[in-house]
Amino acid sequence: MPNFINNMEFIIHKTDEKSSARAGTLFTDHGIIETPIFMPVGTVGAVKALHVKNVKEDVKAQIILGNTYHLYLRPGLEILENAGGLHKFNGWDLPILTDSGGFQVFSLSHKRKIKPEEGVWFQSHIDGSRHLFSPEKVMDIQRSIGADIMMAFDECPPYPCEYEYAKNSMNITHSWLKRCCDRFDHTEPKYGYAQTLFPIVQGSVYKDLRIKSSEFIASLNREGNAIGGVSVGEPTDLMYEMTDICCQILPKDKPRYLMGVGTPANILEGIAMGIDMFDCVMPTRNGRNGMIFTWEGILNMRNEKWKHDFTPIDLNSDLFADREYTRAYLRHLYRQRDVRPYDWQSS
RNA sequence: GGGAGGGUACCAGAGCGGUCAAAUGGGGCAGACUGUAAAUCUGUUGGCGAAGCCUUCGGAGGUUCGAAUCCUCCCCCUCCCA
């Protein structure tokens, strides 16, 4: 076995008595990550609209995301490798996690074709060129990118999704996962620091599939685990239900990553279920589009009627950390007809 | 003084006899956004209303069944030559 495996340490400092929430530290060669953590998304290597300096010093992000699919298409592996990896390329010297392109199987559904035995054929959204993403290739690309945390190549099924499709999709994801692990375990990092691989639970909104998938993922005993296939349009309560099921099976001593989530309330509920890591395009994309979460509800800063004082939601504030208070407040908000609470109504 | 081209809705800018309350952008006003095909997308943007009616294309007249579109005069603007 290569030396680089199993050297990403995760220490849990404290657990909540009333919920499954925990506070921990994840160690990587690019620095520590204090969990629970929200990871800003920088798909093409940079968090949009922000300079690396802002992301680090103002947002105080401890880790950012990149995307295998996007980085592979542009700037491409040759440039990334010549630069010495993504960290050198974009100037971000803290940890990076790369998504595998699994989400693009979902979001680019009309531009790709799944071939279970091979992988997925994509047609580039940039120039229309065709590319095959196999589990092995995705591992190789992420080695070239040099992410501290690499994600397994999965299929993210849509919602709604028939049971049979979800089951089949899950099985494909599992078989791809084995191939990802095999490739990962037989290759080494290219830039002298450790990389780790997180597998992803699938199973759509079906309880038995989620249980089965979680058990399979847990059995692999990787250094961290992810829950995928959520926040693709399903009702929030279903997302919570599936997350809870997965969390109860996934190893307690390993970080749990809920992919693509979410709103402030989503994050709070996720933490209570034992999630340690989150990512979502919402703060960056919606932020660019003028939206801000406040204690008075959703605010669109481009709208004249909202030009008044407000209190932004601060995920690091003690106020927000009090889940019962926040729940009660959000319920109160939801009762006010003139306020858009987003999906905060779930409690 | 001579010559040429213009003045269209909040702005820019199409339209040049009826299908024009007037294309298209921008701006304004709203809506959407959950591992980013997104600094994007959608709706709306003269007034009142259900159909419909009323007031709009520099100003005033005129031609016509009908004018933002044609004619006359006037007022502005831009460019070229003196």
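Proteins get letters first, then strands, A, B, ... in listed order; numbering begins at 1 in each. Since the structure is predicted, the reported quantities are computational estimates derived from the model, not experimental observations.
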Revision key, fill the gap. Here the gap from Phe278(A) atom CZ to Thr35(A) atom OG1, rounded to the nearest 0.5 Å, amounts to 10.0 Å

Practice item. Provide the distance between the two P atoms, one in U63(B) and one in C71(B), to the nearest whole Å. Key: 15 Å

**Study point:** Side-chain donor or acceptor of Ser213(A) paired with backbone N/O of Arg210(A) under 3.5 Å
**Key:** no

Practice item. Using the P atom on both, measure C76(B) against A23(B) and round to a whole Å. Key: 31 Å

Exercise for review: Among the candidates A37(B), U40(B), G35(B), find the nucleotide nearest to the side-chain atoms of His70(A).
Suggested key: A37(B)

Point to revise | Separation of Leu77(A) CG from Asp140(A) CG (nearest 0.5 Å) | key: 9.0 Å

Review point. Side-chain N or O of Ser107(A) less than 4.0 angstrom from OP1 or OP2 on A37(B)?
Key: yes

Exercise for review: Can you tell me, in whole Å, how much space there is between the P of C65(B) and that of A60(B)?
Suggested key: 23 Å

Exercise for review: For C10(B) versus G47(B), give the span between their P atoms, rounded off to a whole number of Å.
Suggested key: 10 Å

Exercise for review: Give me the ring orientation class for His87(A) and His30(A): parallel if the planes are under 30° apart, tilted from 30 to 60°, perpendicular past 60°.
Suggested key: parallel

Check your understanding: Taking atom P in both A21(B) and G52(B), what distance in whole Å separates the two?
Key -> 12 Å

Exercise for review: Kindly say if Gln104(A) contacts the phosphate of U36(B), meaning a side-chain N or O under 4.0 Å from OP1 or OP2.
Suggested key: yes

Point to revise | Donor-acceptor contact below 3.5 Å, side chain Thr28(A) vs main chain Asp148(A) | key: no

Practice item. Keeping to residues at least two apart or across chains, list the ring pair (Phe, Tyr, Trp, His ring centres under 6.0 Å) pairs with something in residues 143-162 of chain A. Key: Phe153(A)-Trp176(A)

Practice item. Please figure out whether Met151(A) or Lys48(A) has its closest RNA chain B nucleotide nearer the 5' end. Key: Met151(A)

Review point. Counting any heavy atom closer than 4.0 Å, what does Gly229(A) reach on the DNA or RNA strands: base, sugar-phosphate only, or nothing?
Key: base

Practice item. Give a yes/no on whether any side-chain N or O of Thr43(A) is located under 4.0 angstrom from OP1 or OP2 of U36(B). Key: yes

Point to revise | Presence of Asn289(A) side-chain N/O under 4.0 Å of A38(B) phosphate oxygens OP1/OP2 | key: no

**Study point:** Any strand: nucleotide that pairs with U42(B) via Watson-Crick or wobble, under 3.5 Å
**Key:** A30(B)

**Study point:** Heavy-atom donor-acceptor pair, His110(A) side-chain to A37(B) base, under 3.5 Å
**Key:** yes

Between protein and nucleic acid, restricted to nucleotides 26-28 of chain B and to nitrogen or oxygen atoms under 3.5 Å apart, what atom pairs and distances do you find?
none

**Study point:** Asn286(A), nearest nucleotide to its side chain (from G35(B), C33(B), U34(B))
**Key:** C33(B)

Check your understanding: Out of Tyr72(A), Phe122(A), Trp121(A), Tyr69(A), which one pairs with His131(A) under the ring-ring contact (aromatic ring centres under 6.0 Å, His included) rule?
Key -> Tyr72(A)

Practice item. Sticking with atom C1', work out how far C16(B) lies from U69(B), rounded to a whole angstrom. Key: 4 Å

Exercise for review: Give a yes/no on whether any side-chain N or O of Arg285(A) is located under 4.0 angstrom from OP1 or OP2 of A39(B).
Suggested key: no

Exercise for review: Kindly say whether, by distance alone, the side chain of Asn300(A) makes a donor-acceptor pair under 3.5 Å with the base of G31(B)?
Suggested key: no

Review point. Taking a pair as Watson-Crick or G-U wobble with both distances under 3.5 Å, which nucleotide is matched to G66(B)?
Key: none

Review point. Under 3.5 Å, is there a donor-acceptor pair between the Asp318(A) and Tyr325(A) side chains?
Key: no

Exercise for review: Determine the Euclidean distance between corresponding C1' atoms of A14(B) and A30(B); express it in Å to zero decimal places.
Suggested key: 27 Å

Review point. Looking across every strand, which nucleic acid part, if any, lies under 4.0 Å from Ile126(A) by heavy atom: base, sugar-phosphate, or nothing?
Key: nothing

Practice item. Quote, to the nearest angstrom, the C1' distance that separates A22(B) from G15(B). Key: 8 Å

Check your understanding: So what does Glu234(A) hit on the nucleic acid, given a heavy-atom distance under 4.0 Å: a base, only sugar-phosphate, or nothing?
Key -> nothing

